[in-house]
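Since the structure is predicted, the reported quantities are computational estimates derived from the model, not experimental observations.
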Amino acid sequence: MADTEIRTARTRIVRTRPDLPLTLTESGPEDGPVALVLHGGGGPATVQGIAAHLAARMRVVVPTHPGWNGTERPDWFTGVDDLALAYLHWLRDEDHRDVLVVGSSLGGWTAAEMALRDDGGRITRLVLVNSAGVDVPGEPIRDVFALDPREIGAYSFHDPARFAVNPATLTEEQITAQKANMATLRALCGDPYMHDPKLLNRLGRIRIPALVLWGESDRVVTPAYGRAFAAAFADARFVSVPEAGHLPHIERPAATFGALDAYLAGTAVATG
């Protein structure tokens with residue numbers, strides 16, 4: 001199969017139960033090991049760089065979380081535990097094993113919840129990128145629901161000017177979609193805000209090696225929060241990415257992917 005063919009993205013809908021359709025976009029070789037890449041509140045576009053990087057050697061699956069980008073979310077689907085279980089059920093239904101799970105922000109929280117519940121041992125590698133999901137005393141998670149888009153950018157990026165979006169350039173359709181995505185984020189993570197109060201104390205039960213990547217300039221979830229997150233695992237390495245904020249794979253892809261590749265190769269990674 002030609003290189004251009006194996007990397008062509010393909011989208012399908014699967015159901016882990018009749019009322020829960022999951023939209024999955026896949027790229028990379030169809031017979032390759034599976035990498036499940038989970039997006040944060042900004043939607044699947046925010047993790048496309050990670051997907052493209054991994055697709056050279058893995059079958060990469062990027063779900064659109066139910067409720068994002070106009071996808072269906074059942075009324076009962078109201079928590080990150082629902083996300084985690086939905087993706088675990090999909091792994092089981094299709095009998096995927098030796099799975100890498102990479103999660104950004106909300107996706108990292110979901111990935112951690114998946115690893116904690118993975119009784120079948122299907123997940124063997126775990127990467128969290130500026131993840132939310134735990135309660136760290138003295139390091140509160142920034143309340144994004146209280147911020148306008150400009151403020152979210154200021155707290156999220158090392159260099160906000162590079163990624164600033166002029167609201168005047170957005171279409172009504174784009175504005176409506178953004179508001180709907182934020183409403184879904186609030187439904188899943190609004191109370192308690194952006195964390196599971198019990199998760200931090202349970203992470204030690206996860207035995208697979210984890211990589212916790214963190215942009216040093218993140219002011220949504222701070223590096224100190226990230227270090228506490230990593231320290232709670234039985235086997236995790238914390239790596240900081242300089243001159244990057246909440247989305248280091250977008251601001252500093254070379255440094256981020258270098259750390260990711262070293263982790264996948266089982267080599268030492270410089271910690272921050």
Side-chain angles (χ1 to χ4, degrees), residues 35 37-56 60 62 100-109 111-112 125-134 136 138-144 146-167 169 178 185 194 209-233 236-265 267-272:
V37 180
L38 304 176
H39 67 78
T46 60
V47 293
Q48 287 309 307
I50 297 174
H53 179 75
L54 292 173
V60 181
V62 180
L100 163 69
V101 181
V102 181
S104 168
S105 190
L106 165 66
W109 175 6
R125 290 171 292 182
L126 183 68
V127 178
L128 309 184
V129 183
N130 289 73
S131 176
V134 297
V136 176
E139 297 295 335
I141 303 169
R142 184 77 58 180
D143 184 0
V144 297
L147 306 176
D148 63 33
R150 181 191 60 80
E151 292 170 323
I152 291 175
Y155 287 116
S156 298
F157 292 105
H158 174 79
D159 183 4
R162 279 183 62 200
F163 302 95
V165 176
N166 183 352
T169 65
Q178 287 180 352
L185 184 66
M194 290 292 177
L211 173 65
V212 179
L213 281 168
W214 223 268
E216 287 183 356
S217 300
D218 191 357
R219 294 194 292 151
V220 177
V221 279
T222 66
Y225 177 101
R227 289 187 175 90
F229 207 140
F233 284 91
R237 180 179 292 273
F238 179 86
V239 178
S240 62
V241 180
E243 298 184 354
H246 194 60
L247 302 169
H249 48 285
I250 291 178
E251 282 198 278
R252 291 291 179 266
T256 303
F257 298 152
L260 174 59
D261 289 348
Y263 165 76
L264 294 178
T267 57
V269 184
T271 59

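- Of the possible donor and acceptor atoms, one in the side chain of Y263 sits under 3.5 Å from a partner among the backbone N and O of L126.
- For V134 against I141, the heavy-atom pair with the smallest separation is O-CD1, 3.9 Å.
- Classified by interplanar angle (parallel below 30°, tilted 30° to 60°, perpendicular above 60°), the ring pair F229/F233 is parallel.
- Panel note: side chain W214, backbone V239; no donor-acceptor pair is recorded below 3.5 Å.
- Applying the side chain to side chain contact (heavy atoms under 4.5 Å, CB included) rule to A232 yields the partners L200, L203; only residues at least two apart in sequence or on another chain are considered.
- The two residues G215 and P223 make their nearest non-hydrogen contact at O-CG, 4.0 Å.
- Between the side chain of E251 and the backbone N or O of L247, no donor-acceptor pair lies under 3.5 Å.
- Between the Q48 side chain and the A45 main chain, no donor and acceptor come within less than 3.5 Å of each other.
- For S105, the side-chain hydrogen bond (donor to acceptor under 3.5 Å, both in side chains) partners two or more places apart in sequence, or in a different chain, are H246.
- In plain terms, the two heavy atoms of G226 and V212 that are nearest each other are O-CG1, 4.0 Å.
- To the nearest 0.5 Å, the span separating CG on L260 from CZ on R125 amounts to 9.5 Å.
- Looking at heavy atoms from C-beta onward, V47 lies out of side-chain contact with L38 at the 4.5 angstrom threshold.
- Residues satisfying the side-chain hydrogen bond (donor to acceptor under 3.5 Å, both in side chains) criterion with Q178, sequence neighbours excluded, are absent altogether.
- Scanning both residues, L106 and G41, for their nearest heavy atoms gives CB-N, 4.3 Å.
- Ring orientation note: the planes of H53 and F257 are close to parallel, at an angle under 30° on the 30°/60° scale.
- Contact check for V101 versus V127: no side-chain heavy atoms found under the 4.5 Å cut-off.
- Side-chain atoms of R142 come within 3.5 Å of backbone N or O of R219 as a donor-acceptor pair.
- Under the side-chain hydrogen bond (donor to acceptor under 3.5 Å, both in side chains) criterion, T46 pairs with no residue, sequence neighbours left out.
- Here CD of E216 is found 10.5 Å from CG of N130. Values are rounded to the nearest 0.5 Å.
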Which donor-acceptor pairs under 3.5 Å do side chains of residues 154-165 form with protein atoms, sequence neighbours excluded?
from	atom 1	to	atom 2	distance (Å)
S156	OG	I152	O	2.6
H158	ND1	S217	OG	2.7

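- Partners of E243 according to the side-chain hydrogen bond (donor to acceptor under 3.5 Å, both in side chains) rule, which considers only residues two or more places apart in sequence or in another chain, are R252.
- Between L128 and L211, the closest side-chain pair of non-hydrogen atoms is not below 4.5 Å.
- The distance from atom CH2 of W109 to atom OG of S104, rounded to the nearest 0.5 Å, is 14.0 Å.
- Nearest heavy-atom pair across L147 and E151 is CA-OE1, 3.3 Å.
- Shown here for P248 and V129, the closest heavy-atom pair between the two residues is CG-CG1, 3.6 Å.
- Under the side chain to side chain contact (heavy atoms under 4.5 Å, CB included) rule, V60 has a single partner from L100, V102, L54, which is L54.
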